Protein chains: 2
Amino acid sequence: MARDTPQTHGEILAAAARRFAVTGYRGTSLQDIAREVGCSKAAVLYHFASKEALLAELLAQPLEVLRQLDERLAPLDGAEAQRAGAEGFVDLAVRFRREIALLRGEFPELLAQPAFAHVQQISERLVDALSGHTDRLEARITAMVLLAGISEACAEFVDVPDDDLRPALLAVARRALAPLDPPSTTEDRI
Amino acid sequence: MARDTPQTHGEILAAAARRFAVTGYRGTSLQDIAREVGCSKAAVLYHFASKEALLAELLAQPLEVLRQLDERLAPLDGAEAQRAGAEGFVDLAVRFRREIALLRGEFPELLAQPAFAHVQQISERLVDALSGHTDRLEARITAMVLLAGISEACAEFVDVPDDDLRPALLAVARRALAPLDPPSTTEDRI
DNA sequence: TCAGACCCTGACCGATCGGTCAGGGTGATC
DNA sequence: GATCACCCTGACCGATCGGTCAGGGTCTGA
């Protein structure tokens, strides 16, 4: 038994993450990954049952963190949900920049697969929390702009240190959500 | 001479747009497009020199509009550039939802190709305008969040009428840019 | 009636994809 | 020295990709 693999397993995972971040999931072949590691394509498939399994393992941790965020947000309401949702998602996005970008950029259809069905649901609940559990179209659009924008910005500013990126993203989120946060229902029209 | 083609040309273009929007550029084969049109794959390649040429024609109009926006923004400065940039991009994104989503979602590498090099430059100038031509990291991050978020939201809310979507997006943009718009340099920290 | 442009087809091409498989090297255990 | 699990390789598979090609209908104009 012991551990599954000494080091190659991890090297393959890291190489895949690097390649996926540059050329995307579909744009990266097992051969590409093998070349980067310095082993054969068959070796990659010895450590991982399939290309999809490789992706799944790569996404396991960020998806688990996303699930935990979903759990934390469940009992919250209104402005509280918005604030916690924004902070939680910014943290997550900053921490898992590459993985989130990968997920968001390439998988309207992969996320539609049954194996990732729960992710879709969690995303919807996150939009719901960010919009303060309102059905108002404007609130939902704001939430979507923020979630997608934060994801993309994280992927784009890969080299910016976490401690610079996080507060800036939080500030944008707060400004964007501001007039919706206090229930100043005076302005309904733009 | 006369016109290039009677109707099939347009049908192929429309079918390609539909398929690309669902399964992405790479995820859509010429066979898929041909099947949707009801002709052979060879017919598709009779009307378009290559798959890439099909994409180029599909993107021609939105890219031209983007170029015009870039031109309009060139002489503007500061808050004026921000306002015009936000309004112009919201209009463009709402109008060309599918194409923008396609471009943004799939082509970190296709955009890197020489044929699309100018698009990359225009995008950078657009970020520049949205951040009020400032080098401040926070401003640039805000701009990126907005541009990416607006694109994604447009793709996500395909069924929302333009007249509902546009004002909502403009409102988000104004809120997100608000504290940066007047140069109230009192707050530098979050 | 014939020529030629136009539109399209089916067969085919080489390349590449994800994945399989038989077998070889190596190191620990008995 | 034999055994066996583990790690890995090169050769190979069927499928599919974008793209080519020779040729066949169809329509028009001379």
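Worth saying up front: this structure is predicted, and the values here are computed from it rather than measured. Numbers restart at 1 for each chain; the letters A, B, ... are given by sequence-line order, proteins then strands.
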Tell me the interatomic distance from A:Phe48, atom CZ, to D:dC7, atom C1', rounded to whole angstroms. 14 Å
Is A:Thr8 close enough to D:dC8 that one of its side-chain N or O atoms is under 4.0 Å from OP1 or OP2 there? yes
Between A:Arg97 and A:Asp162, is there a side-chain N and carboxylate O pair less than 4.0 Å apart? yes
Is the side chain of B:Arg98 donor-acceptor paired with the backbone N or O of B:Ala21 at a distance under 3.5 Å, no angle test? no
Under 4.0 angstrom between B:His47 side-chain N/O and C:dC8 OP1 or OP2: yes
A:Leu30 side chain, from C-beta outward: closest of D:dC21, C:dG19, C:dT20: C:dG19
May I have the distance from A:Ile33 (atom CD1) to C:dC17 (atom P), rounded to whole angstrom? 11 Å
Testing C:dG10, D:dG18, C:dC21 for proximity to the side chain of B:Lys41, the answer is D:dG18
Residue whose closest nucleotide on DNA chain D lies nearer the 5' end, B:Ala49 versus A:Ser40: A:Ser40
Quick one: does any side-chain atom of A:Ser131 pair with a main-chain N or O of A:Asp128 as donor and acceptor, under 3.5 Å? yes
At under 4.0 Å, does any side-chain N or O of A:Tyr46 touch on OP1 or OP2 of D:dC8? no
Look at A:Asp32 together with A:Arg19 and state whether they make a salt bridge at an N to O cut-off of under 4.0 Å. no
Just how far, in rounded Å, is P of D:dC17 from OH of B:Tyr25? 13 Å
Residue closer to the 5' end of DNA chain C, A:Ala42 versus A:Thr28 (nearest nucleotide): A:Thr28
Answer yes when B:Arg83 and B:Glu80 have at least one side-chain N-carboxylate O distance shorter than 4.0 Å, and no when they do not. no
From CD of A:Gln31 across to C1' of D:dT9 the rounded distance in Å is 12 Å
Protein-nucleotide distance (B:Leu55, atom CG; D:dG18, atom P), rounded to Å: 12 Å
Could one point to a donor on the side chain of B:Lys51 or the base of D:dG19 with an acceptor on the other under 3.5 Å away? no
Distance check needed: C:dC7 P versus B:Ile12 CD1, whole Å only. 11 Å
Nearest to side-chain heavy atoms of B:Cys39, which nucleotide of C:dG19, D:dT9, C:dT9: C:dT9
For D:dC17, does OP1 or OP2 lie under 4.0 Å from any side-chain N or O of B:Ser29? yes
Rounded distance in Å - CG (A:Leu45) to C1' (C:dC17): 12 Å
Starting from P on C:dC6, measure out to NE2 on B:His9 and report it in whole angstrom. 15 Å
